[in-house]
There are 2 protein chains.
Amino acid sequence: MGALADPLRLTIVRKLMLESEDYDHSCGWFGFDRPKSSLTHHFKALREAGLIRQRQYGLERRSRVRTEDINQRFPGLLDLVAHWHQD
Amino acid sequence: MGALADPLRLTIVRKLMLESEDYDHSCGWFGFDRPKSSLTHHFKALREAGLIRQRQYGLERRSRVRTEDINQRFPGLLDLVAHWHQD
DNA sequence: TCATTAGTTCGATAAAACTCGTACTTGGTC
DNA sequence: GACCAAGTACGAGTTTTATCGAACTAATGA
C-alpha cells in the first residue's frame with residue numbers, strides 16, 4: 001500500500017484505529033495544523049486506496065477505517081499499522 | 001516501510017523470499033531489464049531500509065532478505081509481503 | 001435569503017523519487 | 001600488466017507526489 005508510505009496518512013489511520021473508540025471522525029478532530037486543501041488531498045488518497053470510508057453527518061464528513069475489508073484483503077496489515085513504531 | 005512502496009523493490013523482496021530456496025542472489029539473477037545503475041539504486045534503498053543484506057562472492061554481490069531482523073522489528077511484515085497480490 | 005462552516009476542486013509551485021548514461025572501483029583471469 | 005565483468009557513485013533529466021492559496025459547493029441556522 002503506497003498510500004501508507006506518507007507519514008501523515010499513516011498517522012491518520014493510526015489515530016482512527018487507536019484513539020477513536022469506534023466513532024467516525026471529521027478532519028478537524030485530528031488537530032492537524034495544515035490547510036484544508038492539504039488534508040483533503042490525503043483523505044482522498046486514503047479513500048481511493050480503500051483504507052477509509054467517509055460519511056456525511058451534517059456539515060462534517062467523518063472518516064472511519066474500513067477494518068473488515070482491509071482484514072479480508074490484506075490480513076495482518078492493520079495489526080502492523082497498529083504496532084508500527086514511527087521511523 | 002516506504003522502501004516497499006516501489007513496485008520493483010517489492011518484487012525484489014518477494015522473489016528473494018519466494019523463489020530463492022535459502023540462497024543469496026546477485027542482481028543478474030532477477031532478470032530485470034534495467035540498466036545497472038538503476039538496479040544499484042533500488043538495492044541500495046532496500047539495504048538502507050534494513051530489508052536486505054549483501055555479501056561479496058567473487059565478483060558478485062549477493063542479496064538476502066534479513067528475515068530475522070525484520071520479523072523482530074516488524075512482526076507480520078514479511079507474511080504480508082509474501083501474500084501480497086499485486087495491485 | 002444571508003452568513004457561516006466543513007470540505008472539495010483547481011492550478012501552480014516545490015520537494016521528493018525514479019531513470020539512466022558515464023565514469024569509476026573492485027575482483028578475477030590470462 | 002592488460003582485460004573483462006559486477007556493481008557503485010555521481011550528475012542530470014524526467015516524473016511523481018506533496019503543499020497550499022483561492023474560488024467554489026453543500027449543509028446549517030438565524
Side-chain angles (χ1 to χ4, degrees), chain A residues 1-16 19-66 77 81 84 86-87, chain B residues 1-17 19-66 74 77 81 84 86-87:
Chain A
M1 288 271 105
L4 291 173
D6 183 274
L8 185 68
R9 290 198 292 262
L10 183 60
T11 302
I12 289 172
V13 174
R14 282 175 56 84
K15 285 196 89 151
L16 278 178
E19 303 176 23
S20 78
E21 288 171 6
D22 211 30
Y23 290 115
D24 301 17
H25 291 284
S26 68
C27 294
W29 173 80
F30 295 87
F32 297 129
D33 188 23
R34 307 263 185 115
K36 298 187 297 177
S37 50
S38 300
L39 297 180
T40 296
H41 168 73
H42 290 293
F43 279 98
K44 185 178 183 184
L46 290 171
R47 217 186 311 126
E48 293 181 344
L51 294 174
I52 64 171
R53 73 169 153 69
Q54 296 180 300
R55 282 205 200 138
Q56 198 82 14
Y57 285 87
L59 272 180
E60 301 175 346
R61 188 161 295 190
R62 301 194 192 150
S63 302
R64 159 178 300 228
V65 176
R66 294 177 55 177
L77 175 58
V81 169
W84 201 266
Q86 297 286 61
D87 291 32
Chain B
M1 288 271 105
L4 291 173
D6 183 274
L8 185 66
R9 291 198 292 264
L10 183 60
T11 303
I12 289 173
V13 174
R14 282 175 57 85
K15 285 197 86 150
L16 278 177
M17 290 182 67
E19 304 175 21
S20 78
E21 289 172 5
D22 213 30
Y23 290 115
D24 300 17
H25 291 285
S26 67
C27 294
W29 174 80
F30 295 88
F32 296 131
D33 187 24
R34 306 263 187 117
K36 298 189 297 178
S37 53
S38 298
L39 296 180
T40 296
H41 167 74
H42 290 294
F43 279 97
K44 186 179 184 183
L46 289 171
R47 217 187 309 129
E48 294 181 342
L51 293 176
I52 64 170
R53 73 170 153 68
Q54 295 178 300
R55 281 204 199 138
Q56 198 82 13
Y57 285 86
L59 273 179
E60 301 175 345
R61 188 161 293 191
R62 302 194 192 150
S63 301
R64 160 179 301 228
V65 176
R66 295 177 54 178
F74 307 102
L77 176 57
V81 169
W84 201 264
Q86 296 286 59
D87 289 30

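Hydrogens, waters and symmetry mates play no part in the numbers below; they use all other heavy atoms, side chains included. From a predicted model like this one, the values you see are computed outputs, not experimental measurements.
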**Asked** For the side chain of T40(A) and the backbone of K36(A), is there at least one donor-acceptor N/O pair under 3.5 Å apart?
**Response** yes

Taking atom [atom2] of [N] as reference, at what distance in whole Å does atom [atom1] of [X] sit?
X	N	atom1	atom2	value
E60(B)	dC4(D)	CD	C1'	14 Å
R55(B)	dG7(D)	CZ	C1'	18 Å
K44(A)	dT9(C)	NZ	P	5 Å
R62(A)	dA6(C)	CZ	C1'	12 Å
M1(B)	dA17(C)	CE	P	14 Å
Y57(B)	dG28(C)	OH	P	13 Å
Q56(B)	dT8(D)	CD	C1'	11 Å
F32(B)	dT19(C)	CZ	P	11 Å

**Request:** Taking atom types as modelled, find out whether R47(A) and Q54(A) have a side-chain donor-acceptor pair closer than 3.5 angstrom.
**Result:** yes

**Item:** Distance-only side-chain donor-acceptor flag, R9(B) / H42(B), under 3.5 Å
**Value:** yes

Taking only the side-chain heavy atoms of [X] (C-beta and beyond), determine which of [options] contains the nearest atom.
X	options	result
S37(B)	dA18(D), dG21(C), dG7(C)	dG21(C)
R34(B)	dC20(C), dA6(C), dT9(C)	dC20(C)
Q54(B)	dT19(C), dA9(D), dT8(D)	dT8(D)
L59(B)	dA6(D), dC20(D), dG7(C)	dA6(D)
S38(A)	dT9(C), dC20(D), dG7(D)	dC20(D)

**Request:** Under the side chain to side chain contact (heavy atoms under 4.5 Å, CB included) rule, what do T11(B) and F32(B) come out as? Steps first, then yes or no, please.
**Result:** CA-CA 10 Å; T11(B) 303; F32(B) 296 131; 4.1 Å; yes

**Message:** Let me spell it out: for each of K36(A) and G28(B), pick the nucleotide of DNA chain D with the closest heavy atom. Which residue's pick is nearer the 5' end?
**Reply:** G28(B)

**Message:** Assuming nearest nucleotide by heavy-atom distance, tell me which of R9(A) and G58(A) is located more 5' along DNA chain D.
**Reply:** R9(A)

**Item:** Side-chain donor/acceptor contact of T40(A) with base of dG7(C) under 3.5 Å
**Value:** no

**Under 4.0 angstrom between R61(B) side-chain N/O and dA5(D) OP1 or OP2** = no

**Message:** Can you see if the side chain of H42(B) gets near the phosphate of dT19(C) - specifically, an N or O under 4.0 Å from OP1 or OP2?
**Reply:** yes

**Asked** Can D24(B) and R64(B) be counted as an ion pair, charged N to O under 4.0 angstrom?
**Response** yes

